[in-house]
Amino acid sequence: MNQSKDFLRTIVEEDLKSGKYKEVVTRFPPEPNGFPHIGHAKSIAINFGIARDYKGHCNLRMDDTNPTTEDTQYVEALKDAVKWLGFDWGDDVYFTSDYFFQLYDYAVQLIKMDKAYVDSLDEETMREYRGTVTEAGRRSKYAQRSVEENLDLFDRMKNGEFKDGEHVLRAKIDMSAANMKMRDPLLYRIRHAHHFRAGDEWSIYPMYDFAHCLSDYIEGVTHSICTLEFENNRDIYNWVLDTLELKPPRPYQHEFARLGINYTVMSKRKLLELVEDGQVSGWDDPRLPTIAGYKRRGYTPESILTFCDQIGIAKANSMVDVAQLEFCIRDDLNTKVPRVMCVLDPLKVTIENYEGSEEIDASYYPDDVPKDGSRKLPFSREIYIERDDFMENPPKGYFRLTPEQPVRLKHGFIISCKEVIKDANGNITEIKAEYYPDSRSGSDSSGIKVKSAIQWVSAKEAKTVEVRLYDRLFSAEIPEGVDDLNPDSLKIIKDALIEPAVITDKPDERFQFERQGYFYADPVDYSDENPVFNKIVGLKDSWSKKTKVKDTPKPKAKKVQVDGEVVPMSEAEQALFDKYTAEFGLNSEVANTLARDEQLSSFYEESLSLLDSPVSLANIVTNEVARELKQIEASELKFSAKQIAQLVQMVDDTTISNKIAKQVFEEMVRSGEDPAKIVEAKGLVQISDPAKISPIIDEIITKNPDNVAKFRAGNTKLLSFFVGQVLKATGGKANPKVVNELVAEKLK
RNA sequence: UGGGGUAUCGCCAAGCGGUAAGGCACUAGUUUUUGGUACUGGUAUUCGGGGGUUCGAAUCCCUCUACCCCAUCCA
């Protein structure tokens, strides 16, 4: 389990601690226009997971504001997915369509505040007016309509008096906003369409940006968690909620990176294409990354949840390796599922020195799985083994049956090959073998050593089953289109042979077919007459890995860094730069930063007029003050140039160290207090007396014998570990230079 | 091109000025009647590049680069 919290949980915890919210409420808000996939599972795991971890609540809400794409079959699929993953949304599923009246009232309110208007531009003109990313847009002339006119028009839009596209309701924000989304976004559009829940009652429908934030607010959501592509929409989210001056508390939006997995596609559009083109058998095709697909294939909800937990939550776009998912399902099934024997590609073996038949008692689980249960394995003269498990001319390191090498029949006897029978084409059709009667599993006294034990079935009793072998849907790591489909993603074996107990006793739905992989009785096509098994995932296979030609490890080319051009300085900036370097002796980097920033340079010069310490002042101004100036204007700063001069003065006369100066500076940023007062109040005066520092170092050294040894063994970077410990012990007050010297001395 | 994001091992991902966590993958070995599992070890002298500040920088400052998102009456 991850010990470290993800950034969302960190935010939630802070908000709870600060009292911003009493209880955390999240929501999972899909649009019911497609089947949920594993990306949704991540979102479900996050939203429901956070609610569970902080004893809050998570709503399931269908974001059904677009009547033309949505359907009730999808809401069922969504509900199934959440339920299957083991989460509980409480009594009701929420629908944005349930809020249509409230939403309408909020829109009216916005119109009354003159913050929204009915626009009647046609679509194309509206796009033109929106401008481009580099050019500001301009506002429609309809933005000047009076409140009364807007109210009347909006009412008539609602009443269905206009055709689709004739008018829209827009927020009145800023047509020249740098954020394109803020250029008077659409709030409502006319759509004479049947809504799967609201029926034909509405002829206007709210847009996502208007409906989503308000739905969150209506439901009392505190943390509205969505994916990265909505970052630009956050401004509207806040604008709507703020403009309406809603009673607090209100929700805030936070974004995380959506899930990508290699060798598959995750977008609804591409998934829909595959389904509609018949490339797959349906939304629940076991090769699809849909929840329904994983469920049908035999994945457990636990494995999906573990996967979501393992991949973490962050803001970097990423592509997770399927191997991670495959590990999760193997790991889960390993401890849960009975082992049985199934032969996929049968090769007949006749044991010539065996007569009659018997039943072998065999445990379903290996010793390292603490579960009980066993079945009877029929054994007789004629058996089948896997064709792969015999080789006439084996490569080096082959552990299975060969003309020279005996092998154990798992749970049974050791056999060796006496004769290889071939057909006219030279294909092996049968093996004549001999068994060793004293090699019975569990009571072997034969003394024969074998290198492996293979699966087998008795010819007479074995049942024929259909096995569907699934492989990755695409052969390209990042698929571009149908050309990248893997032609071998589905292989159907109609006549695999399985031991009878699997069919007659049905000990489970999921099995490990010994040495092959995990399989699942297909929930749709399985019947007693025609048993069908889906391959969930193969076992790790280090033998085939060895035999396969290794992928040539690409020599990793060091990325070539292209250097961009730096904008040249203006004449005035250049003059300033020259003055700083020549007169004040600043290094060019610091002088450069200062000279190019008007606010910084004037702050610097003001402080310089109070204290003649050009270098120290320049350093603190370029590094520390600059950080603050990134957020706010110089006039809003709580501290003054004079106080900075005082601070630098204290560093210069060694009253405090640079480290403490940073600490004091932070306090100045917060309170605007004089540095001298802060130093006094917190007792931050530097300790430089070796006699005072020495005993502290001694203590640290005795406490960390391991690291002392490592240091003496040559791990010199541990010096800074010890320095850090000493500084920590003194609350940062020890003079680091002195500490460094002393520590180095003592550790010698 | 304006704005908003992101960059730490092959793939995810912690880290918030003081010893570069963890998982997957890879790899070597031990155990094994599954070439599985389990266990033990090995895998980043370095955090996109370059500078600067500091006793000390993945973390602070400057700068460059690459990638993602935004100009649907989709969500």
Side-chain angles (χ1 to χ4, degrees), chain A residues 2-4 30-31 33 63 65-66 69 123 126-127 130-135 137 164-165 168 177-181 183 186 188-191 207-208 212 228-234 255 257 262 310-312 314-321 323-324 327 330 334-335 339 366-369 397 399 408 410-411 441-442 444 450-455 512 514-516 539-544 546 553 556 559 561-566 587-590 592-593 596 619-620 622-624 626-627 657-659 662 707 710 715 717-725 727-728 735-737 739-740:
Chain A
N2 267 351
Q3 277 201 300
S4 42
E31 183 191 12
N33 68 344
D63 208 3
T65 56
N66 185 359
T69 56
E123 228 178 306
M126 200 178 287
R127 189 166 25 244
R130 190 146 30 219
T132 68
V133 286
T134 46
E135 294 160 48
D164 283 13
V168 293
N179 179 356
M180 295 289 294
K181 293 262 166 182
R183 322 252 254 228
L186 271 60
Y188 270 89
R189 80 286 216 184
I190 299 171
R191 267 270 208 306
M207 303 288 291
Y208 165 86
H212 203 93
L228 245 31
E229 66 269 27
F230 291 101
E231 272 171 328
N232 295 316
N233 300 252
R234 190 175 54 224
E255 311 88 10
N262 56 9
Q310 283 185 5
I311 56 173
K315 294 190 82 150
N317 286 312
S318 56
M319 179 72 72
V320 178
D321 195 338
Q324 186 105 26
F327 167 82
R330 272 192 211 108
N334 177 45
T335 53
R339 318 290 141 123
D367 293 339
D368 48 20
V369 173
F399 292 168
R408 175 177 295 282
K410 175 90 183 177
H411 300 297
S441 182
D444 185 348
V450 290
K451 290 203 170 109
S452 84
I454 62 172
Q455 74 273 23
Q512 184 192 107
E514 202 102 26
R515 302 210 302 138
Q516 307 199 103
L539 259 24
K540 276 186 76 170
D541 185 357
S542 46
W543 169 241
S544 76
K546 247 181 234 170
K556 50 177 175 180
K559 258 187 262 168
Q561 279 283 341
V562 185
D563 284 340
E565 257 174 64
V566 180
N587 74 42
S588 58
E589 189 63 34
V590 171
N592 188 37
T593 308
R596 281 170 184 274
N619 285 341
I620 195 161
T622 31
N623 289 298
E624 311 301 321
R627 177 171 61 246
S657 65
N658 263 302
K659 188 186 174 77
K662 293 205 178 185
N707 281 331
K710 274 194 224 163
N715 192 349
K717 69 186 169 186
L718 280 174
L719 184 67
S720 99
F721 161 76
F722 286 105
V723 175
Q725 291 296 310
L727 251 38
K728 202 169 149 192
N735 181 331
K737 275 183 205 160
V739 175
N740 260 302

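Residue numbers start from 1 in every chain, and the chains themselves are labelled A, B, ... in the order their sequence lines are given, proteins ahead of strands. No hydrogens, no waters, no symmetry mates; every other heavy atom, side chains included, goes into these values. Predicted model only: the values in this text are computed from it and were never measured.
- Under a cut-off of 6.0 angstrom, the local environment of NZ in A:K315 is crowded, with over 12 non-hydrogen atoms contributed by other residues, nucleotides or ligands.
- Not a single donor-acceptor pair, N or O on each side, falls under 3.5 Å between the base of B:G2 and the side chain of A:N179.
- Here A:R596 lies out of heavy-atom contact (under 4.0 Å) with every strand.
- Applying the 3.5 Å distance criterion, the base of B:G18 shares no donor-acceptor pair with the side chain of A:K728.
- For the pair A:Q324 and A:T69, nearest-nucleotide mapping onto RNA chain B gives the more 5' position to A:Q324.
- Among the heavy atoms of the strands lying under 4.0 Å from A:E123 is at least one base atom, whether or not backbone atoms are also near.
- At the heavy-atom level, A:L727 lies under 4.0 Å from base atoms of the strands shown.
- With hydrogens and angles left out, the side chain of A:Q310 and the base of B:G22 share no donor-acceptor pair within 3.5 Å.
- Taking atom P in both B:A13 and B:A20, the straight-line distance is 22 Å, to the nearest Å.
- Aromatic stacking of A:Y208 on B:A75: not satisfied for centres closer than 5.5 Å together with planes under 30 degrees.
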Mind listing the N/O atom pairs, protein and nucleotides 37-39 of chain B, below 3.5 Å?
residue: B:U37; atom: O2'; partner: A:N334; partner atom: ND2; Å: 3.0
residue: B:U37; atom: O2; partner: A:D368; partner atom: OD2; Å: 2.6

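- Judged by atom type and distance alone, A:Q512 reaches the base of B:U34 through a side-chain donor-acceptor pair under 3.5 Å.
- Taking syn as a glycosidic angle within 90° of 0, B:U72 qualifies as syn.
- Backbone-only engagement by A:T622 is indicated by non-hydrogen atom pairs under 4.0 Å involving sugar-phosphate atoms exclusively.
- A:Y188 comes within 4.0 angstrom of no nucleic acid atom, judged by non-hydrogen atoms across all strands.
- Across all strands shown, A:D63 has heavy atoms under 4.0 Å from sugar-phosphate atoms exclusively, and none from any base.
- In this structure, A:V168 reaches the bases: a heavy-atom distance under 4.0 Å links it to at least one base atom across the strands shown.
- Counting non-hydrogen atoms under 4.0 angstrom, A:G137 reaches nothing in the nucleic acid.
- Among the protein residues, A:N707 comes within range of the nucleic acid bases, having at least one heavy atom under 4.0 Å from a base atom.
- Atom name C1', nucleotides B:A14 and B:G2: the rounded distance is 35 Å, in whole Å.
- Between the base of B:G56 and the side chain of A:K717 there is no donor-acceptor pair shorter than 3.5 Å.
- Heavy atoms of A:N262 sit nowhere under 4.0 angstrom from any nucleic acid atom.
- Across all strands, A:E514 comes closer than 4.0 Å to base atoms (heavy-atom distances).
- For the residue pair A:R330 and A:N334, no side-chain donor N or O sits within less than 3.5 Å of a side-chain acceptor on the partner.
- Both thresholds, 5.5 Å between centres and 30° between ring planes, are met by A:F399 relative to the base of B:G35, so the two rings are stacked.
- At a threshold of 4.0 angstrom between heavy atoms, the contacts of A:T593 are confined to the sugar-phosphate backbone, with no base atom among them.
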